[in-house]
There are 2 protein chains.
Amino acid sequence: MPDPSPPTSANYHHGNLREALIKAAVQLAEEGGPENVSVREAAKRVGVSPGAPFRHFASKTALMTAIAEEATSRFLAEIASAVREVAVDDPMGRFAAVGVAYLRWAIRNPTHFQIISNRSLIDWDGSASLQRDNAAIRALMEEALTEAQRRGLLASNDLAEAQIAGRALVYGLARMHIDGHFAQWRVDGETAERTAQNVLKHFTTLMGNR
Amino acid sequence: MPDPSPPTSANYHHGNLREALIKAAVQLAEEGGPENVSVREAAKRVGVSPGAPFRHFASKTALMTAIAEEATSRFLAEIASAVREVAVDDPMGRFAAVGVAYLRWAIRNPTHFQIISNRSLIDWDGSASLQRDNAAIRALMEEALTEAQRRGLLASNDLAEAQIAGRALVYGLARMHIDGHFAQWRVDGETAERTAQNVLKHFTTLMGNR
DNA sequence: GTCATGTGTAAGCACCGATTACATGGAAAT
DNA sequence: ATTTCCATGTAATCGGTGCTTACACATGAC
């Protein structure tokens, strides 16, 4: 009996192992959370030996970082797009748009949000794109609030405090959602997004001078 | 040369291995985060074989859950104590006190807060004390806001929304601190606690009817 | 056609959580 | 006082993990 599947020219070289590994790792995270991702299992699913992934990623952290880079890029794009749809002379509207878009993306992409929120799986300091995109997201929020204060549209007179508060609200709501805290109230997935956004909008108006 | 340290009667039975393991595990978490905890390493530090811990904890999760139970109990006690120091006819004051005490504990006990905030290391559903204590903490906050609304002291007319908002603010601030987000602003440990509490107090007054 | 390079395999390291069979020693029962 | 029993330890082992090293091969440049 001949070898049923020798490493012939057809499959010895995968062709796009890097992308395939990223896809497999994301799938593993979707099945059992980011902690469930294992390089070996991803390699197995792609049909490659356990050592192969390390030709493309120096470490498991590097693999997860690559996933985070892709995700953060899309995250930023969606937030920036939402901001662009608000009138330039409405900073509080831009601020609210950032928050709503942030939450919307986090809720609709829970796996990726969990990955980019997990400090221990990712090498933040080692990725220029991660730092740049995250800074850009922060800048979008900060610009809106700074401009709002300049125009006297902000209730608080402490800009830093308002920025931290806004960030905490959005981040807290997003984390409550992915950590399952909403189940402690009666909120059921479907309404979670609407509820969180209502809370956010209510507070952005509360932060504004009306 | 005789056996230098045989398992004689003096040390064959540890005496209080359970507590010793908990202490060692907490120390490991303090050194490198909750992910750094390993049952084997804790056993080694206590001077016991790798299998011994499993006589006292059915799994690593059970060990971490035991740590979380102790921590949550102290967490609740401190919050309850802070609430008791506020006048009974000042529900918004109680609400603020819960938030401040919550944040204060989280900031001063970052290791334990990280452990009790990590859903994947702990068996939440399997611990009655964890569920009870967490429910008690939630109840303290909810009671305050509910009473505030009953007395017409709440700006929002949606109680559930206000509760989620309050929770999100406190939780978001706490997580931002342990996740190192405050470093992105100029906040430096010392002032982090004061800043977070200022933000919280500012918003509790914003939430109130004045 | 030859060869260098990139990309895979195979084997193996140290560590991990967890299980099993066995050893031990203290306390309770007689 | 002796025996018995059981909680609590050890030793060995299993499958899984991240990661490294030595080697094989397929492919593109020359």
Side-chain angles (χ1 to χ4, degrees), chain A residues 3-25 27-29 31-68 115 118 120-123 126, chain B residues 3-22 24-25 27-29 31-67 115 118 120-123 126:
Chain A
D3 197 341
S5 69
T8 60
S9 77
N11 59 358
Y12 185 92
H13 283 286
H14 183 280
N16 204 354
L17 184 52
R18 187 189 155 93
E19 297 306 313
L21 284 170
I22 288 180
K23 208 182 274 187
Q27 196 177 329
L28 284 169
E31 290 170 16
E35 324 282 345
N36 189 45
V37 176
S38 106
V39 180
R40 289 181 103 95
E41 180 63 23
K44 190 189 292 182
R45 292 201 178 188
V46 172
V48 97
S49 75
F54 292 91
R55 291 283 180 199
H56 299 269
F57 302 99
S59 66
K60 175 181 182 176
T61 299
L63 168 58
M64 301 306 284
T65 302
I67 297 175
I115 292 172
N118 193 323
S120 65
L121 291 178
I122 298 174
D123 179 19
Chain B
D3 197 340
S5 69
T8 60
S9 76
N11 59 359
Y12 184 91
H13 282 284
H14 182 280
N16 203 353
L17 184 53
R18 188 189 155 92
E19 298 305 315
L21 285 169
I22 289 180
Q27 197 177 330
L28 284 169
E31 290 171 14
E35 325 281 345
N36 189 46
V37 176
S38 106
V39 179
R40 290 181 100 93
E41 180 63 23
K44 189 189 291 182
R45 293 200 178 190
V46 172
V48 97
S49 75
F54 292 92
R55 291 286 181 196
H56 299 270
F57 302 99
S59 66
K60 175 180 181 176
T61 300
L63 168 58
M64 301 306 284
T65 302
I67 297 175
I115 292 173
N118 193 322
S120 65
L121 291 177
I122 298 175
D123 178 20

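Below, read A as the first sequence line, B as the second, and so on, with proteins coming before strands; counting in each chain starts at 1.
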| Which residues satisfy the side-chain hydrogen bond (donor to acceptor under 3.5 Å, both in side chains) test with Ser120(B), sequence neighbours excluded? | Asn118(B)
Without placing hydrogens or testing angles, list every side-chain donor-acceptor pair under 3.5 Å for residues 51-60 of chain B, not counting sequence neighbours.
from     : atom 1 : to       : atom 2 : distance (Å)
Ser59(B) : OG     : Thr61(B) : N      : 3.4
Ser59(B) : OG     : Ala62(B) : N      : 3.1
Lys60(B) : NZ     : Val37(B) : O      : 2.7

| remark: Separation of dC16(C) atom C1' from Glu41(B) atom CD, nearest Å, is 12 Å
| task | Please round to the nearest 0.5 Å and tell me the distance separating atom CG of Leu28(A) and atom CD of Glu35(A). | result | 13.0 Å
| request: Among residues two or more places apart or on two chains, list those pairs meeting salt bridge (Lys or Arg N to Asp or Glu O under 4.0 Å) that have a residue in residues 45-54 of chain A. | output: Glu31(A)-Arg45(A), Glu41(A)-Arg45(A)
| field | Spacing of Leu28(A) atom CG relative to dG18(D) atom P, expressed in whole Å | value | 10 Å
| said: Tell me the interatomic distance from Leu121(B), atom CG, to dG17(C), atom P, rounded to whole angstroms. | reply: 11 Å
| Could you give the CE-to-P distance, from Met64(B) to dA18(C), as a whole number of Å? | 12 Å
| request: Quickly work out the Arg40(A) CZ to dT20(D) C1' distance and round it to whole Å. | output: 12 Å
| query | What's the closest nucleotide to the Phe54(A) side chain, out of dT9(C), dA18(C), dT20(D)? | reply | dT20(D)
| query | Does a nitrogen or oxygen in the side chain of His56(A) sit under 4.0 Å from OP1 or OP2 of dG6(C)? | reply | no
At a cut-off of 3.5 Å, list every protein nitrogen or oxygen paired with a nitrogen or oxygen from nucleotides 4-6 of chain D, distance to 0.1 Å.
none

| task | Please report, rounded to the nearest Å, how far the C1' atom of dT7(C) is from the CZ atom of Phe57(A). | result | 14 Å
| said: Is any side-chain heavy atom of Leu121(B) closer than 4.5 Å to one of Ile115(B)? | reply: no
| query | What closest approach, in Å, do Val46(A) and Ala20(A) show between heavy atoms, and which atom pair accounts for it? | reply | CG2-O, 3.8 Å
List, with names and distances, any nitrogen or oxygen atoms from the protein found under 3.5 Å away from nitrogen or oxygen atoms belonging to nucleotides 21-23 of chain D.
from    : atom 1 : to       : atom 2 : distance (Å)
dA22(D) : N6     : Arg55(A) : NH2    : 3.4

| Val48(A) has a side chain; which of dT10(D), dG17(C), dT9(C) sits nearest to it? | dT9(C)
| Between CZ of Arg40(A) and OG of Ser49(A), what distance do you get to the nearest 0.5 Å? | 9.5 Å
| For Pro50(B) against Ala43(B), the heavy-atom pair lying closest together | CA-CB, 4.3 Å
| request: Round to a whole Å and report the spacing from CZ of Arg18(B) to C1' of dA7(D). | output: 15 Å
| query | Side chain of Lys60(A): nearest nucleotide among dG9(D), dC16(C), dC19(D)? | reply | dC19(D)
| query | Going from CZ on Arg18(A) to CG on Asn16(A), what distance comes out if it is rounded to the nearest 0.5 angstrom? | reply | 9.5 Å
| said: Tell me whether the side-chain N/O atoms of Ser38(B) come closer than 4.0 Å to OP1 or OP2 in dC16(C). | reply: yes
| remark: Leu17(A) CG to dA26(D) P, in whole Å, measures 17 Å
